[in-house]
Amino acid sequence: MTLVDTPATATGGPALAQERRLVTAIPGPRSQELLARKASAVAAGVGHTLPISVVAAGGGVVVDADGNSLIDLGSGIAVTGVGNSAPRVVEAVTAQLNAFTHTCFTVSPYEGYVAVAEKLNELTPGDHVKRTALFNSGAEAVENAVKIARHYTKKQAVVAFDHAYHGRTNLTMGLTAKNQPYKNGFGPFAPEIYRAPLSYPFRDGGLDGREAAARAILGIEKQIGAENLAAIIIEPIQGEGGFIVPAPGFLAALVEWATANDVVFIADEVQTGFARTGAWFASEHEGIVPDLIVTAKGIAGGLPLSAVTGRAEIMDAAQVGGLGGTYTGSPLACAAALATIETYAEDGLVERAKEIGSVLIGRLNALRTADARIGDVRGRGAMVAIELVDPETGAPDAALTGKVAKYAHEQGVILLTCGTYGNVIRFLPPLTISDELLIEGLGVVAEGLKQA
Ligand SMILES: *Cc1c(COP(=O)(O)O)cnc(C)c1O
């Protein structure tokens, strides 16, 4: 028995046949074999949305060991914006693998890291002087953004928002709002973290952006005090929390207040970043310039990389040796990031995200007109969601959401849910998906709604 049982034909990337193809039930027998091995080898707390045994992926599909080809509407949670095994990424990482794999940037530096920092400084909102530091995961970058903000302001408190998701490490669990499954049983959490109310147009009774911001700011001033507050951290569009797009003006009012009060404004663009929303960064839609911006997920075509980019005077505050890590800004991940950024730019993927958004919003709004269980359709670019509710009361309908997702999975569509109340279906297709596959995937979701 070979250790990794991958068929010789397992070649991913855009050359993979772009079709939904079911040859067994999902999961098929070979996937089930892997799941049995997994159950006796891997910690039970590591779960799956769609338990198949993946052997290849690319374009808009994921192929399993049984030969099923599934439509990918999740991009591995907004990571493979450029598609799986994107050609430029494969080429760049292969060349880097052959040159060298690791030195530790804080032992001896290399160009890839610096080039990624230059790119991020150039692409992120604002024309002020910037610096970047690289890390491995979104959570690690969020932690470092908070470290940097505290060091710079010499203050300690941090405000996060209702419905926030910032990661699974101790500090980021504390910043994350939702208890199950992210926090339950894992406390105690880090001190000096406070939660403020969000702007949630579908559920906050028609507060406009400025009013919702005033409510949050009043709470912050009364319960913490700006003189104790190092940073506000917020996702420009809440991701795991339910793809909540705040009312226009909400983010701008927060930035304005933060600037006036020596509070660092941190935009967590881990999920919204890199072309996903039809702009390089979602902050651009609201015309805001964050002091620090955290990126990860879509940055490197699937290789682990994250970054904090921001105002030079803030980023440069920490002492030498205060920021870093063994693998942070790995040469392989940096090569991947440069190739990924080039792919977004050269292949017009920011525009493509907008087109995908039009298809999604158009079709989902049409469904909503005929189906009162779809309470809301929202999002930007290729980051779109529907919120499912009881049509009578508006109460969140997590059971219906689960049924639709289960149906989609059985029919060969990778579909993700989210939301504090578990009643949101989110669409995060790779930006390399064809309209045909996208529309076919949406058709499966529509059928799932009909059958539920
Ligand atoms: C996924 C995510 C994180 C955490 O990133 P990891 O790489 O999983 O640590 C942080 N913030 C947001 C908004 C995310 O979507």
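Keep in mind that the numbers below use all heavy atoms, side chains included, and drop hydrogens, waters and symmetry copies. In each ligand, atom 1 is the first atom listed, and ligand 1 is the first ligand listed. What you are looking at is a predicted structure, and each value in this text was computed from that prediction instead of being measured.
In this structure, T124 OG1 and E269 CD are separated by 9.5 Å, a value rounded to the nearest 0.5 Å.
Contacts between A296 and ligand 1 below 4.0 angstrom, taking non-hydrogen atoms only, are absent altogether. Residue E140 does not touch ligand 1, judged by heavy-atom distances below 4.0 Å.
Counting non-hydrogen atoms of neighbouring residues, nucleotides and ligands closer than 6.0 angstrom, the CD atom of E221 exceeds 12 such neighbours. The number of heavy-atom neighbours closer than 6.0 Å to CD of E91, taken from other residues, nucleotides and ligands shown, is 12 or below.
For a threshold of 3.5 Å applied to N or O pairs, the pair formed by G167 and ligand 1 contains no separation below that value. Below 3.5 Å of separation, one finds no N or O of E240 facing any N or O of ligand 1.
In this pair, F274 and Y344 present their aromatic rings parallel. The plane angle is below 30°, not in the 30 to 60° band. Between Y110 and Y113, the ring-plane angle classifies as perpendicular under the 30° and 60° cut-offs.
Which parts of ligand 1 touch S137 is read off a 4.0 Å heavy-atom cut-off, strictly below it: atoms 7 (O), 9 (O). For ligand 1, the atoms closer than 4.0 angstrom to any heavy atom of E235 are 13 (C). For ligand 1, the atoms lying closer than 4.0 Å to a non-hydrogen atom of Q271 are 15 (O). For ligand 1, the atoms closer than 4.0 angstrom to any heavy atom of Y165 are 1 (C), 2 (C), 3 (C), 11 (N), 12 (C), 13 (C), 14 (C).
A salt bridge links E387 with R203: the closest approach of a Lys/Arg side-chain nitrogen to an acidic carboxylate oxygen falls below 4.0 angstrom. At a threshold of 4.0 Å, the pair E410-K406 counts as salt-bridged, since one of the basic side-chain nitrogens sits closer than that to a carboxylate oxygen.
Checking each of Q238, E235, R276, E240 against Q271 for a side chain to side chain donor-acceptor pair (under 3.5 Å) leaves exactly one that passes, namely E240.
Atom 6 (P) of ligand 1 has G138 N, 3.4 Å as its closest protein atom, hydrogens excluded (heavy atom only). When only non-hydrogen protein atoms are considered, atom 11 (N) of ligand 1 lies nearest to D268 OD2, 2.7 Å. If you check which protein heavy atom lies closest to atom 4 (C) of ligand 1, you get A139 N, 3.6 Å. Taking atom 1 (C) of ligand 1 as the reference point, the nearest protein heavy-atom neighbour is K297 NZ, 1.5 Å.
For atom 8 (O) of ligand 1, the nearest protein heavy atom is 4.0 Å or more away.
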Item to complete: Before giving the answer on salt bridge (charged side-chain N to carboxylate O under 4.0 Å, His left out), spell out for D316 and R131 the whole-Å C-alpha distance, their side-chain angles and the decisive distance to 0.1 Å.
Response: CA-CA 8 Å; D316 282 340; R131 303 277 188 268; 3.1 Å; yes
